[in-house]
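Notes for the one structure printed next.
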Amino acid sequence: QQTTSQLRELGLRRSKVDTQIFVGDQLCVILHEHNMLIGGEKLRQECFLNKLSACLPLQDTRQLDEYTPLSFFGKSLEYNRAEKSISVHLPAAFYLELLRRYSLEDAPARSTPRVELGKGAPRWTNMILSAEKTKPYRQTVGDLQWSSLVRPDISFAVQQLSNSFIKPTERDEQQLRKVLRYLRGTQHYSISLQPPRRWKKAKNLELLAFSATSWSGAC
């Protein structure tokens with residue numbers, strides 16, 4: 001609440017799309033718990049950061065560059081100076097945790113996240129999972145829902161698995177394993193944020209990001 005008040009006093013307004021996003025003139029601030037990501041025109045970022053530092057104690061403030069990757073909301077951000085772009089991807093530890101739940105660390109990778117649920121399924125696969133198996137299923141599907149913001153290639157498959165969130169069956173678990181095997185072979189996939197091509201010749205164009213917490217280095 002204190003942070004929200006300070007952002008408003010510094011001239012930012014809350015976005016109508018997301019209550020954790022604040023925007024101003026050529027400036028955008030995204031909040032998540034004790035993390036803050038600041039983006040926008042370079043000089044306005046620096047001016048805003050100086051004003052914010054005078055109002056709030058910032059534990060760890062670093063600029064995203066090609067030598068210093070940052071973590072925000074559990075996702076890794078890396079800067080490519082040549083392309084003037086920011087790459088957003090999931091850390092290797094996240095994938096490893098998912099694979100370990102189903103002992104798939106050494107399983108063969110799949111080339112597609114496609115799942116086939118329901119039609120033509122053998123009767124035995126319609127058996128409801130036990131409580132012991134249902135818990136990791138729900139936890140894993142929930143993690144995949146969170147990760148699909150960075151991995152849109154699995155969004156449809158995750159949506160299909162989510163339909164069985166309440167009473168997952170043996171077949172649903174099989175399909176979940178297929179998605180995890182696909183992720184095993186595509187851990188290097190990422191989303192690239194960059195300006196339109198017509199802007200690439202601009203000499204003073206830069207993409208910058210800051211982290212306002214020491215926790216970011218722990219991911």
*Are there more than 12 heavy atoms of other residues, nucleotides or ligands under 6.0 Å from atom CZ of R14?*
yes
*Would you indicate whether the side-chain heavy atoms of S192 and N80 approach each other to under 4.5 Å?*
no
*Has the side chain of R110 got a donor or acceptor atom that lies under 3.5 Å from a matching backbone atom of T112?*
yes
*R138 side chain vs I166 backbone, donor-acceptor pair below 3.5 Å*: yes
*asked:* Could you work out, with side chain to side chain donor-acceptor pair (under 3.5 Å) as the rule, every residue matching R44, not counting sequence neighbours?
replied: D25
_Spacing of L129 atom CG and K167 atom NZ [to the nearest 0.5 Å]_ = 12.5 Å
*asked:* For a quick test of reading the model, state the closest non-hydrogen atom pair linking L161 to Q175 and the distance between them.
replied: CD2-CB, 3.9 Å
*asked:* Looking at every non-hydrogen atom in both residues, tell me the closest pair between R184 and A109 and how far apart they are.
replied: NH1-N, 4.3 Å
_Inter-residue atom distance K75.NZ - L77.CG, 0.5 Å rounding_ = 9.5 Å
*Under the side-chain contact (heavy atoms from CB on, under 4.5 Å) criterion, do I154 and S147 qualify, and how do the steps go?*
CA-CA 9 Å; I154 65 170; S147 67; 3.9 Å; yes
*L98 and L144, any side-chain heavy atoms less than 4.5 Å apart*: yes
*Decide if atom CD of E105 counts as having more than 12 heavy atoms of other residues, nucleotides or ligands within a radius under 6.0 Å.*
yes
*Evaluate the side-chain contact (heavy atoms from CB on, under 4.5 Å) criterion for residues V29 and L12: first the C-alpha distance (whole Å), next the side-chain angles of each, then the deciding distance (0.1 Å), finally the verdict.*
CA-CA 9 Å; V29 176; L12 274 68; 3.4 Å; yes
*Could you give me the CA-CA distance, side-chain angles and deciding distance for Q174 and V115, then say whether side-chain contact (heavy atoms from CB on, under 4.5 Å) is met?*
CA-CA 9 Å; Q174 286 183 351; V115 297; over 6 Å; no
*asked:* Measuring from atom CD1 of I191 to atom CG of D153, what distance do you get when rounded to the nearest 0.5 angstrom?
replied: 8.5 Å
*asked:* If you compare all heavy atoms of S190 against all heavy atoms of H89, which two are closest, and at what distance to 0.1 Å?
replied: CB-CB, 3.5 Å
_According to ring-ring contact (aromatic ring centres under 6.0 Å, His included), does anything in residues 148-193 pair up with another residue at least two apart or in another chain? List the pairs._
none
*Side-chain contact test, heavy atoms from C-beta onward, threshold under 4.5 Å: evaluate it for P113 versus K178 and give yes or no.*
no
*asked:* Just to verify, what does Y102 make a side-chain contact (heavy atoms from CB on, under 4.5 Å) with, not counting sequence neighbours?
replied: L104, P136, Y137, T140, E173, L176, R177, L180
*Could you tell me whether the side chain of V88 reaches within less than 4.5 Å of the side chain of S76, counting heavy atoms only?*
no
*Does the pair V158 and W146 meet the rule for a side-chain contact (heavy atoms from CB on, under 4.5 Å), with working shown?*
CA-CA 10 Å; V158 174; W146 171 83; over 6 Å; no
_Derivation and outcome, salt bridge (Lys or Arg N to Asp or Glu O under 4.0 Å), residues D143 and R101_ = CA-CA 12 Å; D143 288 339; R101 287 179 193 166; 2.8 Å; yes
_Side-chain (R13) to main-chain (F22) donor-acceptor, under 3.5 angstrom_ = no
*Kindly indicate whether the side chain of L183, heavy atoms from C-beta on, has any atom under 4.5 Å from the side chain of F94.*
no
*asked:* Looking at D172 and K133, is any side-chain nitrogen of the basic one under 4.0 Å from a carboxylate oxygen of the acidic one?
replied: no
*R151 side chain to T186 main-chain N or O, any donor-acceptor pair under 3.5 Å?*
yes
